[in-house]
S.K.: 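Before I ask anything, let me first share the structure, which is written out below as structure tokens.
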Amino acid sequence: MIRHLIIVLGDQLTLDNPALENLDPSCDHVLMAEVSAEGTHVWSHKARIALFLSAMRHFAQVLESKGIAVNYFKLGEHTFTQLNEVWLDQIKQLQPQKIIVCEPGEYRVLQALQACAQQTNTQLIVRDDTHFMCSQADFKRWAGQNKALRMEFFYRNMRKEHQVLIRDGQPEGGDWNYDHENRKAFGRQGPQDVPTMPVFEIDAITHEVFAEVEHHFSDHPGTLAHFCWPVTREQALEFLHAFIEHKLADFGAHQDAMWQGSAPHHAFLWHSLLSSSLNLKLLNPREVIQAAEQAYQQKQLSLASVEGFIRQILGWREFIRGVYWLDMPAMATSNHYGHQRQLPIWYWTANTQMNCMRQTIHQTMLYGYAHHIQRLMVTGMFGLLAEISPQQLEAWYLAVYVDAVEWVELPNVAGMALYANGGRFTSKPYVASGAYIKRMSNYCQGCRYKPEVKTGPQACPVTTLYWHFLIKHYATFVNNPRTSLMVKHVDKMSSEERMAINQHAQSLLTHLDAL
Ligand code: FAD
Ligand code: SF4
């Protein structure tokens, strides 16, 4: 019999984990488990599975080096397939007085923990996740009874509360948000002198994990050949320092731009690549924000870049987490437009003639990474325009990105990309024609379709489906001040043009797999 069974989940890999507070190594045990279901409940990318397993094994070593007893269940060394089977087994064997855990990142996992505690009649203590800078309770208070939530107002509160980029009570530089300065394309010459990130040697633990992933998940998407992600806090700190030193200064300007190139840095550009380290809790958002603010002050970096970066973490990341817990479980089944189409097979293979989709998915399969605009305005927007089931797309996003944990993946997909929750935190659906992708990337140059063509064999599917979407949802778009201008172009179309667009769109929608 032990005093406390402390469960450490795969994305809670920090010594600051509140579940570890007051741990007494003489009578408490930590439980960590790898089970196959966590890699298969969505068809996970090999790099995503490897990252979680390697980071977990490294963190277990850190705990053990501090004299903490860790009951670690390695994949392949036990017969349990689900997390709750391990928990039940351990609770029965060890008979703890209490189970202690930090708030999980998934509603499903919280439910499973509560069910185990109830089944074994053991007290479960779920401690607030202090990694986040806004607690669930504070977010709920801020949201109140408002039907529509806006990140911008939340973000201003967070800036004031945490005194980030605030001078004499006012926002640094006089404005809260410099997003309008952060939407530049690269121009013909493309990105120049993109800084590279540190490359880590694959150590024995990660080698072993790779072999096990290839063995247990051989048919899973993606590859391990280009694995480049931090698996320890030390490596995550190296990424952070490299970003602050070499990328932050130019982070803002081209934040939305995309580029097809031959080298990995064309996929990564000036983005920080810190999401997986933050989500596994190898990094704390406070230290990331502090490092960025300090660099701004010491090196006189561009305010648009630094504010733009800090807004992603202090604003978007915290907001998204708050809204997930506020709106679950309804968010997971939301489907505002009632879209039911199957996910095209090429979302897994990149084998499509649409170059924007081919490049973004190909890169995703290589690294388990795509940046925000690729996720929002390429794979996400196409999913919305092609009327694909939100639940199928949500499962895809949860599977293919190394930083995917449901609390962050689901609101971004359901809320931001697909408008599945009916505009709970976006004022309009994010839709655009191929002209947007042409402006923000070089994808259209290598494509058999033409972004400006709406119908016929050369028509860009993004463009056709965009106009089809506007025609179909004309009534709601015309009544929304944020979209009324967009549909003015529909007014100018003849009925023949509209009919031709609808016909072409229908033929695309019925043959999505062939695009
Ligand atoms: P940067 O561009 O360098 O941004 C800095 C940091 O800001 C990121 O590391 C991340 O922690 C945070 N951030 C930026 N945007 C967001 C956002 N919208 N929500 C939450 N945090 C944000 N992010 C995930 O961490 N996991 C996901 O599963 C995920 N799924 C997404 C799905 C869709 C459809 C969309 C549109 C966005 C998704 N994002 C997700 C947000 C964002 O795309 C990634 O955080 C970002 O691309 C990670 O790359 P980076 O670290 O280089 O980010
Ligand atoms: Fe994508 Fe259309 Fe451009 Fe091709 S032409 S890359 S399908 S936007």
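Counting convention: from 1, in listed order, for ligands and their atoms alike.
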S.K.: Going by distance alone, is a donor N or O of one side chain under 3.5 Å from an acceptor N or O of the other, for Ser275 and Tyr369?
M.R.: no
S.K.: State whether the number of non-hydrogen atoms from other residues, nucleotides or ligands found under 6.0 Å of Lys140 atom NZ is greater than 12.
M.R.: no
S.K.: Give me the protein N, O or S atoms that fall under 2.8 Å of atom 1 (Fe) of ligand 2, sorted by chain and residue number.
M.R.: Cys356 SG
S.K.: Assess the side chains of Arg233 and Asn284: does a donor N or O sit below 3.5 Å from an acceptor N or O?
M.R.: no
S.K.: Counting the benzene-type ring for Trp, do Phe268 and Phe243 have ring centres under 6.0 Å apart?
M.R.: no
S.K.: Using a distance-only test with no angle check, is there a side-chain donor-acceptor pair under 3.5 angstrom linking Tyr324 and Glu406?
M.R.: yes
S.K.: Go ahead and list the nitrogen or oxygen contacts between ligand 1 and the protein that come in under 3.5 Å, distances to 0.1 Å, or just say none.
M.R.:
{"unit_1": "ligand 1", "atom_1": "2 (O)", "unit_2": "His271", "atom_2": "ND1", "d": "2.7"}
{"unit_1": "ligand 1", "atom_1": "3 (O)", "unit_2": "Ser272", "atom_2": "N", "d": "2.7"}
{"unit_1": "ligand 1", "atom_1": "3 (O)", "unit_2": "Ser272", "atom_2": "OG", "d": "2.7"}
{"unit_1": "ligand 1", "atom_1": "9 (O)", "unit_2": "Ser275", "atom_2": "N", "d": "3.1"}
{"unit_1": "ligand 1", "atom_1": "15 (N)", "unit_2": "Gln312", "atom_2": "OE1", "d": "3.4"}
{"unit_1": "ligand 1", "atom_1": "18 (N)", "unit_2": "Asn412", "atom_2": "OD1", "d": "2.9"}
{"unit_1": "ligand 1", "atom_1": "19 (N)", "unit_2": "Asn412", "atom_2": "ND2", "d": "3.1"}
{"unit_1": "ligand 1", "atom_1": "25 (O)", "unit_2": "Asn279", "atom_2": "ND2", "d": "2.8"}
{"unit_1": "ligand 1", "atom_1": "26 (N)", "unit_2": "Asp403", "atom_2": "O", "d": "3.0"}
{"unit_1": "ligand 1", "atom_1": "26 (N)", "unit_2": "Asp403", "atom_2": "OD1", "d": "3.0"}
{"unit_1": "ligand 1", "atom_1": "30 (N)", "unit_2": "Arg375", "atom_2": "NH1", "d": "3.4"}
{"unit_1": "ligand 1", "atom_1": "43 (O)", "unit_2": "His372", "atom_2": "ND1", "d": "3.3"}
{"unit_1": "ligand 1", "atom_1": "47 (O)", "unit_2": "His372", "atom_2": "N", "d": "3.4"}
{"unit_1": "ligand 1", "atom_1": "49 (O)", "unit_2": "Tyr369", "atom_2": "OH", "d": "3.3"}
{"unit_1": "ligand 1", "atom_1": "51 (O)", "unit_2": "Ser272", "atom_2": "OG", "d": "3.4"}
{"unit_1": "ligand 1", "atom_1": "51 (O)", "unit_2": "Leu273", "atom_2": "N", "d": "3.4"}
{"unit_1": "ligand 1", "atom_1": "51 (O)", "unit_2": "Leu274", "atom_2": "N", "d": "3.0"}
{"unit_1": "ligand 1", "atom_1": "51 (O)", "unit_2": "Ser275", "atom_2": "N", "d": "3.0"}
{"unit_1": "ligand 1", "atom_1": "51 (O)", "unit_2": "Ser275", "atom_2": "OG", "d": "3.4"}
{"unit_1": "ligand 1", "atom_1": "52 (O)", "unit_2": "Ser272", "atom_2": "N", "d": "3.3"}
{"unit_1": "ligand 1", "atom_1": "52 (O)", "unit_2": "Leu273", "atom_2": "N", "d": "2.8"}
{"unit_1": "ligand 1", "atom_1": "52 (O)", "unit_2": "Tyr369", "atom_2": "OH", "d": "2.7"}

S.K.: Which pairs pass side chain to side chain donor-acceptor pair (under 3.5 Å) with one or both residues in residues 184-193, sequence neighbours excluded?
M.R.: none
S.K.: Before accepting this row, confirm whether a basic side-chain N of the pair Glu245/Lys299 lies closer than 4.0 Å to the acidic partner's carboxylate O.
M.R.: yes
S.K.: Charged N to carboxylate O below 4.0 Å: is that the case for Asp16 and Arg286?
M.R.: no
S.K.: Taking only residues two or more places apart in sequence, or in another chain, which ones meet Ser433 in a side chain to side chain donor-acceptor pair (under 3.5 Å)?
M.R.: none
